Participant: 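Before I ask anything, here is the structure I am working with.
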Amino acid sequence: MGKGSVTDYHDLASLGEDIRRHILSNLGNDLYPPDPFRYFSGLAYAVRDRLIRMWLATQTAYYDSMSKRVYYLSMEFLPGRFLMNAIINMGMEQGCRETVTDLGFSLDDLAEEERDAGLGNGGLGRLASCYMDSIATCGIPGCGYGILYDYGLFHQTIVNGWQEEQADNWRRHGSPWVIDRMEHLYEVRFHGRSEAYADDKGNLRYRWADADTVMAMPCDILLPGHGGGHVTSMRLWAAASSQEFSLRDFNQGDFVGAMQAKILSENISKVLYPNDEPVAGKELRLKQQYFLVAATLRDIVRRHRKPGPAAFEGFADQVAIQLNDTHPTIAVAELMRILVDEEFLPWEDAWDICRETFAYTNHTVLPEALETWPMDLLGRVLPRHLEIIAEIDRRFQAEVAARHPGDDGKLARMAIIDRGSSRVRMAHLAIVGSHAVNGVARLHSDILRQHVFPDFDAFYPGKFTNVTNGVTPRRWLLQANPVLSALITEAIGPDWVRDLTELRRLAPLAEDAAFRQSWRAAKRDNKKRLARYVLRKAGLGINPDTLFDVQVKRMHEYKRQLLNVLHVVTLYNRLRRDPGLAVPPRTVLIGGKAAPGYFMAKRIIRLITAVAEKINADPAMRGRLRMLFLPNYCVSQAEKVIPAADLSQQISTAGMEASGTGNMKFALNGALTIGTLDGANIEIMQEVGEDNIFIFGLTADEVAAARTRGVDPRSRVRDDPELAEALDMIGRGFFAPDDPGLFTPVVESLLDRGDYYCVTADYRACLEAQDRVNALYLDPDAWSRKSILNTANMGFFSSDRAVMEYARNIWRIEPLKE
Ligand code: F58
């Protein structure tokens with residue numbers, strides 16, 4: 001892209017001066033005493049200057065090429081910290097290090113000053129951020145759209161063993177990355193009513209009357225791709241009151257009342273919903289979804305707008321919109337409303353445009369997570385949209401009925417509006433309103449087609465596809481693991497950073513003893529770094545010469561942190577009985593946030609902290625077994641934890657984890673996986689080879705069969721003395737002597753409530769897999785060989801591959817050449 005080349009913008013000669021200038025003139029601060037946060041901010045602004053110039057050049061290249069663009073609509077993004085990512089992707093690392101050293105700081109220390117942008121719950125939000133990195137790196141025209149929450153996912157602390165939540169005011173000290181764009185304010189409407197009228201030619205039209213309004217203010221965060229000079233952006237919307245003061249209330253002297261209305265409307269972008277109990281019924285969540293959608297579509301239409309009656313003819317040739325789960329699905333109705341009510345297109349033409357424009361990614365098969373909205377709520381907040389959805393449903397039902405006359409069951413199953421419950425099924429609306437629907441790993445996509453949406457799959461042959469998730473190698477290897485990255489680059493050159501399949505060339509080195517030695521040294525360095533971090537954050541010493549066994553992810557029963565605990569308790573019992581047991585010393589690290597309203601997940605955190613306390617206090621376990629709950633798992637913590645792991649726990653109940661992406665990050669960093677045949681684990685196994693992964697447990701089909709059969713968990717306990725012992729200790733308060741009933745609900749969920757997540761069913765297989773782990777770890781060379789082969793075979797799981805599949809097969813967009 002000519003002018004946009006990286007080197008033009010770097011002019012690092014002035015970097016030191018720029019940092020000082022920003023501290024003085026932009027932040028209005030003194031240079032002395034040298035405060036790290038101030039210098040972090042100064043550096044961030046200096047980097048941003050360069051980013052802005054590159055972004056402007058990228059925009060020009062988009063306009064010049066007139067190419068189609070993709071818009072990634074997501075209620076969540078989980079970018080973590082920006083500074084090091086920008087510096088590394090822009091090729092400025094060396095220069096920044098030198099400049100910052102001259103100023104008396106270390107770059108790594110300054111980077112630690114930045115707060116994570118935690119605008120997402122977990123995998124879905126992090127995936128969106130990995131995809132933004134790849135969209136920029138691959139030069140795919142487009143950008144992300146989301147919400148600028150004032151408060152991201154809560155901050156977690158552990159107090160007396162329990163999770164406590166604190167508000168995450170991530171911009172308390174400002175954020176250098178967020179660029180306000182007041183010039184593109186849009187009005188978003190809610191409530192009111194739909195009003196029919198006749199236009200001057202006598203056509204029946206509809207308009208939205210008596211609505212409340214709120215302003216959407218765009219804020220851009222610029223995201224540089226690696227190396228090529230492309231910079232994409234996330235446009236995040238912040239809510240602002242539509243009248244600073246309601247004049248009427250003000251004149252009546254009701255100052256506080258007027259302010260209250262203002263505050264209420266600004267609540268829309270106040271806080272990210274944690275993935276709690278079902279959100280249905282929460283008006284604010286629906287408003288957030290529509291707020292994102294309405295502002296975004298306005299912006300896209302503004303960018304697209306061409307003069308004349310044919311304005312929208314080529315819309316879908318210029319615009320692809322990816323719906324990240326059903327959360328932004330109201331966009332289907334909103335685009336129809338714009339085209340029919342405001343642009344006066346015939347319904348059929350508008351509908352064709354809609355379907356060609358949208359594509360929908362599903363991220364879950366958990367029935368409780370499939371969104372539905374009560375009709376009365378939707379009708380109250382978005383009256384015209386409910387009418388439009390009803391019309392889409394009516395026409396769709398007619399199509400189904402025409403092809404399956406008399407099949408009322410099918411009609412009811414496929415309906416967008418479920419007449420029984422009077423709820424709108426957002427997934428059905430997304431499927432009907434899109435040209436492509438995809439799952440996020442092969443097994444998941446198969447389950448969607450065969451079990452979750454079989455009627456739709458039959459009705460729309462070819463609409464359902466798979467795009468297996470990927471992760472960005474820039475953040476998850478190059479940035480998070482500089483030691484291993486350097487070793488890899490020394491061995492095979494630097495091309496892997498933008499073509500991850502290059503890692504294959506490491507495979508022969510698995511047989512090279514000196515390389516294995518260096519590989520182990522790199523892992524040990526990372527383990528030492530993590531040990532220092534854990535000491536700093538949790539006040540606990542962990543030994544880098546033990547096996548680091550790690551499970552970090554959101555806390556959920558289907559992810560089975562409980563199975564992990566049962567293994568630890570069993571290992572503890574074995575070691576107590578036989579202090580000479582030939583197993584490697586092990587450090588078990590578990591981290592993850594529980595939704596604030598999720599009783600069982602919080603109780604399991606309490607169980608982990610209780611078991612950890614007992615084990616860590618037992619002198620017999622010294623040098624043999626340690627366990628720790630890592631508080632406040634987040635992106636920046638993941639960057640420290642993942643490179644240090646020997647063993648990655650990916651042990652969800654088969655059929656329940658759509659894909660997983662942590663599994664990919666760990667294996668990329670040379671951890672061996674212990675896991676079930678679930679989500680992307682299956683594809684990881686196929687890539688790294690069955691000999692290089694520890695697979696155990698029921699398959700998805702076996703889980704389904706076991707649930708139908710309904711095996712009594714108590715019979716399993718009777719047959720397995722070690723399982724009985726572990727459950728007995730947990731259930732009777734061995735780990736909670738002061739409150740012996742504390743963990744009864746946990747044991748009851750297994751024994752009395754049917755063990756829905758098959759923890760007892762997979763317990764024995766899990767232990768056997770862990771025995772294989774122990775045996776292998778005792779042979780460091782054999783372990784290192786497999787570790788190298790894991791990294792070497794992870795090329796497929798780059799998010800570059802994933803976004804290129806989307807671009808080719810779903811968005812039909814060509815990347816811009818550099
Ligand atoms: C995750 N979903 C899947 N949802 O669980 C995981 O298997 C997959 O790898 C990942 O998406 C990316 O495809 C997920 O993170 C959420 O966090 C939702 C947020 C909104 C409320 C409901 C949960």
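All residue numbers refer to positions in the sequence shown, counting from 1. In this text, all values refer to a predicted model and were calculated from it rather than measured experimentally.
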Participant: State yes or no: are the ring centers of His304 and Phe315 separated by less than 6.0 Å?
Facilitator: yes
Participant: Kindly assign one of parallel, tilted or perpendicular to the pair Tyr62 and His230, based on the angle between their ring planes and the thresholds 30° and 60°.
Facilitator: parallel
Participant: With the side chain counted from C-beta on, respond yes when Cys634 and Gln637 share a heavy-atom pair under 4.5 Å apart, and no when they do not.
Facilitator: yes
Participant: Which heavy atom of Asn85 sits nearest to which heavy atom of Arg81, and what is that distance?
Facilitator: CB-O, 4.3 Å
Participant: Would you say that Val188 contacts Tyr290 through its side chain, given a criterion of any heavy-atom pair below 4.5 Å between the two side chains?
Facilitator: yes
Participant: Who pairs with His327 by ring-ring contact (aromatic ring centres under 6.0 Å, His included), at least two apart in sequence or on another chain?
Facilitator: none
Participant: Can you tell me how far apart CG (Asn790) and CG (Asn669) are? Round to the nearest 0.5 Å.
Facilitator: 11.0 Å
Participant: Could you tell me whether the side chains of Asp678 and Thr676 share a donor-acceptor contact shorter than 3.5 Å?
Facilitator: no
Participant: Quick one: closest heavy-atom pair of Ala86 and Pro224, and the distance?
Facilitator: CA-CG, 3.8 Å
Participant: Below 4.5 Å, heavy atoms only, C-beta onward: do Arg498 and His226 meet side chain to side chain?
Facilitator: yes
Participant: So, are Glu805 and Arg808 salt-bridged, with charged N and O less than 4.0 Å apart?
Facilitator: no
Participant: Looking at Lys68 and Asp317, is there a salt bridge between them, counting it only when a charged N and a carboxylate O are closer than 4.0 Å?
Facilitator: no
Participant: Output, in order, the C-alpha distance, side-chain angles, deciding distance and verdict of side-chain contact (heavy atoms from CB on, under 4.5 Å) for Gln686 and Glu683.
Facilitator: CA-CA 5 Å; Gln686 285 158 353; Glu683 288 155 82; 4.0 Å; yes
Participant: Within the distance-only criterion (no hydrogens, no angle test), does the side chain of Arg554 pair as donor or acceptor with the backbone N or O of Asn121 below 3.5 angstrom?
Facilitator: yes
Participant: Under 3.5 Å, side chain of Arg171 to main-chain N/O of Tyr149, donor-acceptor pair present?
Facilitator: no
Participant: Is there a side-chain contact between Val641 and Val550 (heavy atoms, below 4.5 Å)?
Facilitator: yes
Participant: Test your reading of the model: is there a side-chain donor-acceptor pair from Thr673 to the backbone of Ser648, 3.5 Å cut-off?
Facilitator: no
Participant: Pick one: which of Lys553, Glu657, Gln551 meets side-chain contact (heavy atoms from CB on, under 4.5 Å) with Gln650?
Facilitator: Lys553
Participant: Report yes or no: does Thr361 contribute a side-chain atom to a donor-acceptor pair with the main-chain N or O of Asn438 at less than 3.5 Å?
Facilitator: no
Participant: Just jot down the ring-ring contact (aromatic ring centres under 6.0 Å, His included) partners of Tyr558, sequence neighbours excluded, or say none.
Facilitator: His556
Participant: Between Asp457 and Lys463, does the salt bridge (Lys or Arg N to Asp or Glu O under 4.0 Å) criterion hold? Intermediate values first, please.
Facilitator: CA-CA 7 Å; Asp457 184 43; Lys463 191 184 265 206; over 6 Å; no
Participant: Is it the case that the side chain of Ser652 and the backbone of Lys559 share a donor-acceptor pair, with hydrogens and angles ignored and the cut-off at 3.5 Å?
Facilitator: no
Participant: Should the heavy atoms of other residues, nucleotides or ligands under 6.0 Å from CD of Glu814 be counted, would the total exceed 12?
Facilitator: no
Participant: I want to check something: taking the side chain as every heavy atom from C-beta on, are Leu323 and Tyr71 in contact at a cut-off of under 4.5 Å?
Facilitator: no
Participant: What distance do Ser798 atom OG and Arg474 atom CZ have between them, rounded to the nearest 0.5 Å?
Facilitator: 5.5 Å
Participant: Distance-only, no hydrogens or angles: does the Ser233 side chain make a donor-acceptor pair with backbone N or O of Arg235 under 3.5 Å?
Facilitator: no
Participant: I need the Ile684 CD1 to Asn663 CG distance, nearest 0.5 Å.
Facilitator: 4.0 Å
Participant: Spell out, as yes or no, whether a donor-acceptor pair under 3.5 Å connects the side chain of Thr296 to the backbone of Tyr145.
Facilitator: no
Participant: Is there a donor-acceptor pair closer than 3.5 Å between any side-chain N or O of Asp116 and the backbone N or O of Gly118?
Facilitator: no
Participant: Rounded to the nearest 0.5 Å, what separation is found between the CE atom of Met92 and the CG atom of Leu43?
Facilitator: 7.0 Å
Participant: Crowded around Arg303 CZ? As in, over 12 foreign heavy atoms under 6.0 Å?
Facilitator: yes
Participant: Going through the checks in order, is the side-chain contact (heavy atoms from CB on, under 4.5 Å) test met by Met84 and Leu107?
Facilitator: CA-CA 9 Å; Met84 284 308 287; Leu107 181 58; 3.8 Å; yes
Participant: Just do the side-chain hydrogen bond (donor to acceptor under 3.5 Å, both in side chains) check on Asn324 and Tyr131 with the steps written out, would you?
Facilitator: CA-CA 11 Å; Asn324 199 24; Tyr131 283 1; over 6 Å; no
Participant: With side chains defined as the heavy atoms from C-beta onward, is the minimum distance between Leu816 and Pro141 less than 4.5 Å?
Facilitator: yes
Participant: Return the set of residues passing ring-ring contact (aromatic ring centres under 6.0 Å, His included) with Tyr186 (not counting sequence neighbours), or none when no residue passes.
Facilitator: Trp237
Participant: Under the 3.5 angstrom rule, does the side chain of Glu114 hit a backbone N or O of Leu83 as a donor-acceptor pair?
Facilitator: yes
Participant: List the steps and the verdict of side-chain hydrogen bond (donor to acceptor under 3.5 Å, both in side chains) for Thr232 and Trp55.
Facilitator: CA-CA 7 Å; Thr232 187; Trp55 179 76; over 6 Å; no
Participant: Is the positively charged end of Arg425 above the ring of Phe456, judged by distance under 6.0 angstrom from the centroid and angle within 45° of the axis?
Facilitator: no
Participant: Pick one: which of Val452, Leu370, Val440 meets side-chain contact (heavy atoms from CB on, under 4.5 Å) with Asn362?
Facilitator: Leu370
Participant: First locate atom CD1 of Ile135, then atom OG1 of Thr472, and finally report the distance between them rounded to the nearest 0.5 Å.
Facilitator: 11.5 Å
Participant: Please step through side-chain contact (heavy atoms from CB on, under 4.5 Å) for the pair Val437 and Tyr460, ending with a clear verdict.
Facilitator: CA-CA 10 Å; Val437 178; Tyr460 295 123; over 6 Å; no
Participant: Could you walk me through whether Ile488 and Leu503 pass the side-chain contact (heavy atoms from CB on, under 4.5 Å) check?
Facilitator: CA-CA 8 Å; Ile488 293 172; Leu503 290 179; 3.8 Å; yes
Participant: Once you round to the nearest 0.5 Å, how far does CZ of Phe797 lie from OG of Ser659?
Facilitator: 8.5 Å
Participant: Around Glu690, counting heavy atoms of other residues, nucleotides and ligands shown, do more than 12 lie under 6.0 Å from its CD?
Facilitator: no
Participant: Let's go through Gln289 and Glu371 carefully: what are the C-alpha distance in whole Å and the side-chain angles of both, what is the deciding distance for side-chain hydrogen bond (donor to acceptor under 3.5 Å, both in side chains) to 0.1 Å, and is it a yes or a no?
Facilitator: CA-CA 12 Å; Gln289 296 183 347; Glu371 273 189 312; 2.7 Å; yes
Participant: Would you find a donor on one side and an acceptor on the other, under 3.5 Å apart, between the side chain of Arg442 and the backbone of Ala680?
Facilitator: no
Participant: Is there a side-chain contact between Gln288 and Leu292 (heavy atoms, below 4.5 Å)?
Facilitator: no
Participant: Between Met685 and Ile695, which heavy-atom pair has the shortest distance, and what is it?
Facilitator: SD-CG1, 3.8 Å
Participant: Pair Asp446, Asn466 - check side-chain hydrogen bond (donor to acceptor under 3.5 Å, both in side chains), show working.
Facilitator: CA-CA 8 Å; Asp446 289 346; Asn466 172 245; over 6 Å; no
Participant: Dump the intermediate steps for salt bridge (Lys or Arg N to Asp or Glu O under 4.0 Å) on Asp220 and Arg181, then the final yes or no.
Facilitator: CA-CA 7 Å; Asp220 287 342; Arg181 305 265 187 212; 2.7 Å; yes
Participant: Kindly indicate whether the side chain of Asn692, heavy atoms from C-beta on, has any atom under 4.5 Å from the side chain of Leu672.
Facilitator: no
